[in-house]
Participant: 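The structure under discussion is supplied below as structure tokens; questions concerning it will follow.
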Amino acid sequence: VVAGGIRTENCQYGVYANGGSLTLSGGTLINSTNYGFYGASSAVVTASDLQIYGSTNYGAYVSNADLNLSRSIVRNNGSRGIYLSNSSGTHTHQLIHNTISANSTYGVQISYSSGSQNVTIRDSLILGHNTGIYNNGGANVTASYNLLYANTANYSGVSPGGGSWAENPLVVDAATF
């Protein structure tokens, strides 16, 4: 499925991909009662130019699926900005050129229990969380050329790669990009 320019508001899931392939280009996912985006069951999702904000729980929740997210803003969600979980199979996630800000607990949380999980986070701005990037398992995480700032802890369970910074990006209001 290919979709562009979508807008969802005040629903349980802004977009729910359960298996199959989904390409999203442009759109706004606002005030979902659970997740702005939910990917599961080996879905392969490529998304760009999204705004995901105001969800009660997670901006994006991806479980046993693949996610390639680029040029998107994930902000002001009730718990995590992006949650990547793997309990079976081999899954790959690429988060490239994103702004992830002012989500309550984690900017990006990677949760691994079995299978194989490879995560690349690159060229992104991640600010205003308890922890910017949190890897609580055995996932293979590469985090390079990112700017993390105003997080209580920038990294946990992952080391910053080359080109990573922890400097003030001088944004006017991180919560309302």
Side-chain angles (χ1 to χ4, degrees), residues 3-8 14-15 17 22-30 32 35-39 43-55 57-63 65-85 91-111 117-135 139 141-151 153-156 158 160-177:
I6 63 170
R7 180 181 176 93
T8 65
V15 172
L22 174 63
T23 300
L24 294 172
S25 179
T28 305
L29 314 177
I30 308 170
S32 298
Y35 315 130
F37 171 81
Y38 183 19
V44 176
V45 178
T46 301
S48 63
D49 304 304
L50 296 179
Q51 291 192 44
I52 304 171
Y53 60 92
S55 296
N57 291 313
Y58 306 158
Y61 182 100
V62 179
S63 178
D66 296 350
L67 175 64
N68 296 308
L69 180 67
S70 63
R71 298 184 317 270
S72 295
I73 297 172
V74 181
R75 66 173 176 87
N76 296 93
N77 295 290
S79 182
R80 291 141 177 87
I82 300 172
Y83 179 76
L84 307 171
S85 172
H91 298 287
T92 301
H93 312 285
Q94 293 190 34
L95 307 176
I96 312 294
H97 295 289
N98 296 296
T99 299
I100 303 166
S101 73
N103 299 288
S104 292
T105 54
Y106 304 110
V108 178
Q109 180 183 1
I110 301 112
S111 178
Q117 187 176 24
N118 299 298
V119 180
T120 299
I121 305 167
R122 190 180 77 229
D123 299 320
S124 294
L125 174 63
I126 302 172
L127 57 120
H129 306 96
N130 290 340
T131 304
I133 301 172
Y134 176 51
N135 178 16
V141 180
T142 302
S144 57
Y145 299 97
N146 298 299
L147 193 155
L148 278 74
Y149 184 75
N151 302 294
N154 286 328
Y155 299 90
S156 180
V158 61
S164 294
W165 289 85
E167 299 291 330
N168 187 344
L170 301 176
V171 296
V172 175
D173 185 357
T176 60
F177 279 100

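These numbers come from a predicted model, not from an experiment.
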Participant: Can you list the residues that meet the side chain to side chain contact (heavy atoms under 4.5 Å, CB included) rule with T28, with sequence neighbours excluded?
Facilitator: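 T28 satisfies side chain to side chain contact (heavy atoms under 4.5 Å, CB included) with R7, I30, Q51, Y53 once adjacent residues are dropped.
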Participant: Between T105 (side chain only) and S79 (backbone N and O only), is there a donor and an acceptor less than 3.5 Å apart?
Facilitator: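 Between the backbone of S79 and the side chain of T105 there is a qualifying donor-acceptor contact (under 3.5 Å).
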Participant: Any chance you could lay out the side-chain contact (heavy atoms from CB on, under 4.5 Å) test for V45 and V15, step after step, and finish with the verdict?
Facilitator: CA-CA 11 Å; V45 178; V15 172; over 6 Å; no
Participant: Roughly how far, to the nearest 0.5 Å, is CD1 of I126 from OG1 of T131?
Facilitator: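 Going from OG1 on T131 over to CD1 on I126, the span is 11.5 Å.
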Participant: Taking only residues two or more places apart in sequence or in another chain, which ones pass salt bridge (Lys or Arg N to Asp or Glu O under 4.0 Å) with D123?
Facilitator: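 Scan of D123 (salt bridge (Lys or Arg N to Asp or Glu O under 4.0 Å), adjacent residues dropped) gives none.
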Participant: Nearest 0.5 Å please: distance from the OG1 atom of T99 over to the CD1 atom of I73.
Facilitator: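 Atom-to-atom, T99:OG1 and I73:CD1 are 5.5 Å apart.
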Participant: List in chain and number order the residues that pass side chain to side chain contact (heavy atoms under 4.5 Å, CB included) with S104, two or more places apart in sequence or in another chain; answer none if no residue qualifies.
Facilitator: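 Here no residue qualifies.
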Participant: Testing the basics here: between S164 and S144, what is the closest heavy-atom pair and its distance to 0.1 Å?
Facilitator: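 Closest approach of S164 to S144: OG-CA, 3.6 Å.
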Participant: State, with a plain yes or no, whether a side-chain heavy atom of N98 is found less than 4.5 Å away from one of V74.
Facilitator: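 Side chain of N98 against side chain of V74, heavy atoms only: no contact under 4.5 Å found.
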Participant: For S72 and L50, indicate whether the former's side chain and the latter's backbone hold a donor-acceptor pair under 3.5 Å.
Facilitator: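 Side chain of S72 to backbone of L50: a pair is present.
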Participant: Run I100 and H129 through side-chain contact (heavy atoms from CB on, under 4.5 Å) and show every step you take.
Facilitator: CA-CA 9 Å; I100 303 166; H129 306 96; 4.0 Å; yes
Participant: Can you find a pair of side-chain heavy atoms, one from L95 and one from L84, that are under 4.5 Å apart?
Facilitator: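 Answer yes - side chains close enough.
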Participant: Quick one: closest heavy-atom pair of L127 and P169, and the distance?
Facilitator: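 So the minimum-distance heavy-atom pair works out to CD2-CG, 4.2 Å.
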Participant: With sequence neighbours left out, what residues match N77 under side chain to side chain donor-acceptor pair (under 3.5 Å)?
Facilitator: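 Side chain to side chain donor-acceptor pair (under 3.5 Å) check on N77 returns S55, N103.
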Participant: How close do H93 and A65 get, heavy atom to heavy atom, and via which atoms?
Facilitator: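 Smallest heavy-atom distance, with atoms named: CE1-O, 3.0 Å.
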Participant: How would you list, by chain and number, every residue that makes a side chain to side chain donor-acceptor pair (under 3.5 Å) with N154, sequence neighbours excluded?
Facilitator: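 Scan of N154 (side chain to side chain donor-acceptor pair (under 3.5 Å), adjacent residues dropped) gives N151.
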Participant: Does anything in residues 141-150 form a salt bridge (Lys or Arg N to Asp or Glu O under 4.0 Å)? List the pairs, not counting sequence neighbours.
Facilitator: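 Pairs touching residues 141-150 that pass the test: none.
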Participant: Supply the atom-to-atom distance H97 NE2 to L69 CG, rounded to the nearest 0.5 angstrom.
Facilitator: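 Answer for the NE2-CG pair, H97 versus L69, is 12.0 Å.
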Participant: Could you tell me whether the side chain of F37 reaches within less than 4.5 Å of the side chain of V62, counting heavy atoms only?
Facilitator: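 With C-beta onward as the side chain, the pair touches.
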Participant: Roughly how far, to the nearest 0.5 Å, is the CD1 atom of I82 from the CD atom of Q109?
Facilitator: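 Answer for the CD-CD1 pair, Q109 versus I82, is 12.0 Å.
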Participant: Tell me every residue that passes ring-ring contact (aromatic ring centres under 6.0 Å, His included) with Y38, counting only those two or more places apart in sequence or in another chain.
Facilitator: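 For Y38, the residues satisfying ring-ring contact (aromatic ring centres under 6.0 Å, His included) (neighbours in sequence not counted) are Y13, Y16, Y35, Y61.
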Participant: Starting at CD1 of I96, measure out to CZ of R122 and round the result to the nearest 0.5 Å.
Facilitator: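 Going from the CD1 atom of I96 to the CZ atom of R122 covers 4.0 Å.
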Participant: Residues in side chain to side chain donor-acceptor pair (under 3.5 Å) with N68, at least two apart?
Facilitator: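 For N68 there are no side chain to side chain donor-acceptor pair (under 3.5 Å) partners, ignoring immediate neighbours.
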Participant: Does a side-chain heavy-atom distance below 4.5 Å link I110 with I133?
Facilitator: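 In short, these two side chains touch, coming nearer than 4.5 Å.
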Participant: Could you tell me the separation between the CD1 atom of I6 and the CG atom of L29, rounded to the nearest 0.5 Å?
Facilitator: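 So the gap between those two atoms works out to 5.0 Å.
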Participant: Not counting sequence neighbours, which residues clear side chain to side chain contact (heavy atoms under 4.5 Å, CB included) with A150? List them please.
Facilitator: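 Applying side chain to side chain contact (heavy atoms under 4.5 Å, CB included) to A150 gives none.
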